[in-house]
Amino acid sequence: MNKLAGPLGKVIEGSLSRGLKVLVRDENIENYPVGALVVIKGTKHHYLGVITDIGIESAGETVKSFYGSRIGNELKDIAMDAIKDYVNTRFIEIALLGQSSGEMPRSADTIPNFYSDVVEVRQEDIKVFFGEENQKNLWNIGTPKVPGESTVYIPVDIEKLIELSFGIFGKSGTGKTFLGNILAGYMILYDDQKSSVDKESKRLRLLIFDMHSEYSLKLRDNKGNVIADGIASMNLFSNKFLRYTPDLELAKEAGLEELRIDYSDLTVDDLRLIAPIFGVSEGFLEHLGEFASILKRDKRCKLGDLWIWGLILDKDSEDKMMKDIEGRKILDEIKKRTNVEDADKLRRMILKVIKDRLGPSACSSFRSQTAKLKQLLNYPYTYITEEEKQTKKSSIDAIVDNLVSENGRSVVISMGKYEKETPLYMIMANLIARRLRERILSMIVRGEELKTKIVIFLEEAHNFLGRETYRMSPFGEIAREMRKKGVTLCVIDQKPSELDDDVISMLWTSFVFTLTDERDIGAALMGTPRASLLRKVVPVLERQEVLIHGEAVNFPVVVKVLNYKKAAEIFKEHKRRKLDLVRQIMEQG
Amino acid sequence: MVWASLFAVKENAIGEVACVRAGEIDIFVYPEHYSEIRVGSIIAINSDQVKPVGLAVNIAHEPRHGSIHPLRKGREEILREYPDIDYQHRLVLTVVYSSHVKGNTLYHVPASMPRLHDLAFLVNSNDLLDAFFRPNGEWNFDFLRYVIEAGAQPLTLRGLFFTHRDYFLSKDPNCQSLVRALARPLYMADPKNVGRYLECILEALR
Ligand SMILES: Nc1ncnc2c1ncn2[C@@H]1O[C@H](COP(=O)(O)OP(=O)(O)O)[C@@H](O)[C@H]1O
Ligand SMILES: [Mg+2]
């Protein structure tokens, strides 16, 4: 793999838990990046290790005597250059990952003998320790980091990956979304392959919450220039995905399905989750449950499932709603229920009811805070009346249908122009997730089994699975109780430490791009063997480099993720070969 | 060739071997050569086979008869009144045995010991200095390892370099190649004081 001849160095001390210290022979310590794989040839076993630290030790007294002396800097440098090989020893530290002595490799539970050779990783070693792409369960995800050039690939076990929830973490701009797209592509290929040999197996469906329209439209570089088609907009997969968006113009322009929000589906908890983003006060949130039940059921209001409108409706809102066909429909329905002609009057009445029932301070909180919720008027909303329900299906129901039925498609929710509207993103994700969960539970109650396997890609996951949000969002329940029923999560986030510990402990594979915050690194590495050694690797990863650990790889490994364009080629090539095969079979038969 | 011609004229000898200890050779210096000798002089000895070469690190004048009588006179007066006074004294030079010449080649490593009364010669022409400091056409200061091992302090080296200051500066006015060549042997001899040694050497050359 690289051109360095002979052993790279010799093991001179260390332990399994602290890692091995290896004296490096090569004069150029710069050939040894942290995160690179090496092999150690013990007497009995071959060991797989990863470089976790690199260093130089110098004869400190010599260096001090130089710096304390009155010699010109230029001459000092010349002298130091002349003796540098004597003054320093170069070492690397290695965390042992696996060991093999011909049989199946396994986690290292021994260490190599003193003065064992550390050598470069060869293609055969990678095969032994990581397996080889078979385009069934194993698919190449990228090249391992090694000292020197790498020409081999590390495969990821897609079957094991989707069996349980997994995470993709890393600071912004490191490669999470690109990797998400590549994994999504592989999942579809995996499913295609599987369905062609096993007709009985469950079909795979992806539900992707796509904040920045990178799965549904275009992938971009960090400057915003388009690099390639997102996975769901590749021609190749056009019959695999349905793309929905709340951005109605985008829907029209790019041929996506419209996704309007029916606020009558929102629960008090849903509102609690997003309200802080609008800056609503704590006091208001404390009363929110009471407000809701008054608006729904007080005999003077009786808004029922339109209760949320009772929070924001006034003269202003009415003017705005009148401009929209859905708005007019909702206003009509409200008038029917309350028998109040105009919005101003209704507002005054609601305030009075609240004052009567909850007192003046709750009322004044209601008055001032509800204004902040008016942002909801700027989102594309809808309402489906009881009559309409007989003939018309809400978008959310259509989405869920696709996900759970055998001949449905995967779904991407593209935020379009609302990409910065976290509340809208949360509302949509929560509504879809709740409806999906309810559907699956009702199927189970009827004794049916879910016929599909569903993987939900959740970008900015802390909005749903954070310590505070986890217990209020339906994703928490999905993470807890839906795995056995065939729903797992791909949790994508830049601050894993903000996720609830329970969530982290439910992730069985993690893709960790660079992180610098100690707590984030700790969270991202939770549950990995030798986490204390591997944590040194994470802050020095470069863009597109990822530490993978968990079920989907045999051993933790740092990989440079496939270039997306190359991955797209692979997808196409695979599809072409499959079509050829089908053609052949048809011709023969 | 330079070495052979140095030893060719025995009248040019500046003294002879008076005592041999491990690593060190004492030279009895003939009085007419007193003024040419100093700490830092390089001395070559014409022994039978290999020719020991080393660096003068110590000079001792002592009275031949055990003690001196105070004279209370200036040097000129003394020489006028006692023209052979130098012959009443002896000057002993201690040389660290660091190098030897075999055939016409110099090696910075000691070889067999000289014998008493072997003649000693002063290495001072540019050709000879080249042959000692640049045996293969490049600076080689490996002899310093023996010199320092024998106890030479940074100041001793200052003497050595001061003695040959003109020679060194003619070869390397900005001292860069000198420093490059000095660093390694100094480090090998005394890793903790490389800086100090270099500092003293450079002072002598400034
Ligand atoms: N696999 C890849 N192939 C090509 N470019 C990549 C890849 N991974 C990352 N990049 C580059 O890095 C940038 C950031 O990646 P992205 O996935 O958008 O980061 P994140 O989602 O972590 O913020 C991309 O715009 C792209 O230029
Ligand atoms: Mg991203």
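No hydrogens, no waters, no symmetry mates; every other heavy atom, side chains included, goes into these values. Protein chains get the first letters and strands the later ones, always in sequence-line order, with residue 1 at the start of each.
- Highest contact tally toward chain A, considering only B/L186, B/L198, B/L182, B/D190, is held by B/L198 [criterion: heavy-atom pairs under 4.5 Å].
- The contact between B/N174 and chain A is made entirely by backbone atoms, counting heavy-atom distances below 4.5 Å.
- Highest contact tally toward chain A, considering only B/L178, B/N193, B/V179, is held by B/V179 [criterion: heavy-atom pairs under 4.5 Å].
- Partners of A/Y47 according to the side-chain hydrogen bond (donor to acceptor under 3.5 Å, both in side chains) rule, which considers only residues two or more places apart in sequence or in another chain, are A/T110.
- B/K192 meets the salt bridge (charged side-chain N to carboxylate O under 4.0 Å, His left out) test with no other residue; sequence neighbours excluded.
- With 3.5 Å as the limit, one finds no donor-acceptor pair spanning the side chains of B/N136 and B/R134.
- Annotation: cation-pi geometry satisfied between B/K51 and B/F7 (NZ/CZ under 6.0 angstrom from ring centroid, within 45° of ring axis).
- Using a 3.5 Å distance cut-off with no hydrogens or angles, the side chains of A/S101 and A/H45 do pair a donor with an acceptor.
- Here A/F169 and A/F513 keep their ring centres 6.0 angstrom or further from each other.
- Along residues 110-119 of chain B, no residue comes nearer than 4.5 angstrom to chain A, judged on non-hydrogen atoms.
- Residues passing the side chain to side chain contact (heavy atoms under 4.5 Å, CB included) test with B/A183, sequence neighbours excluded: A/A79, A/A82, A/I83.
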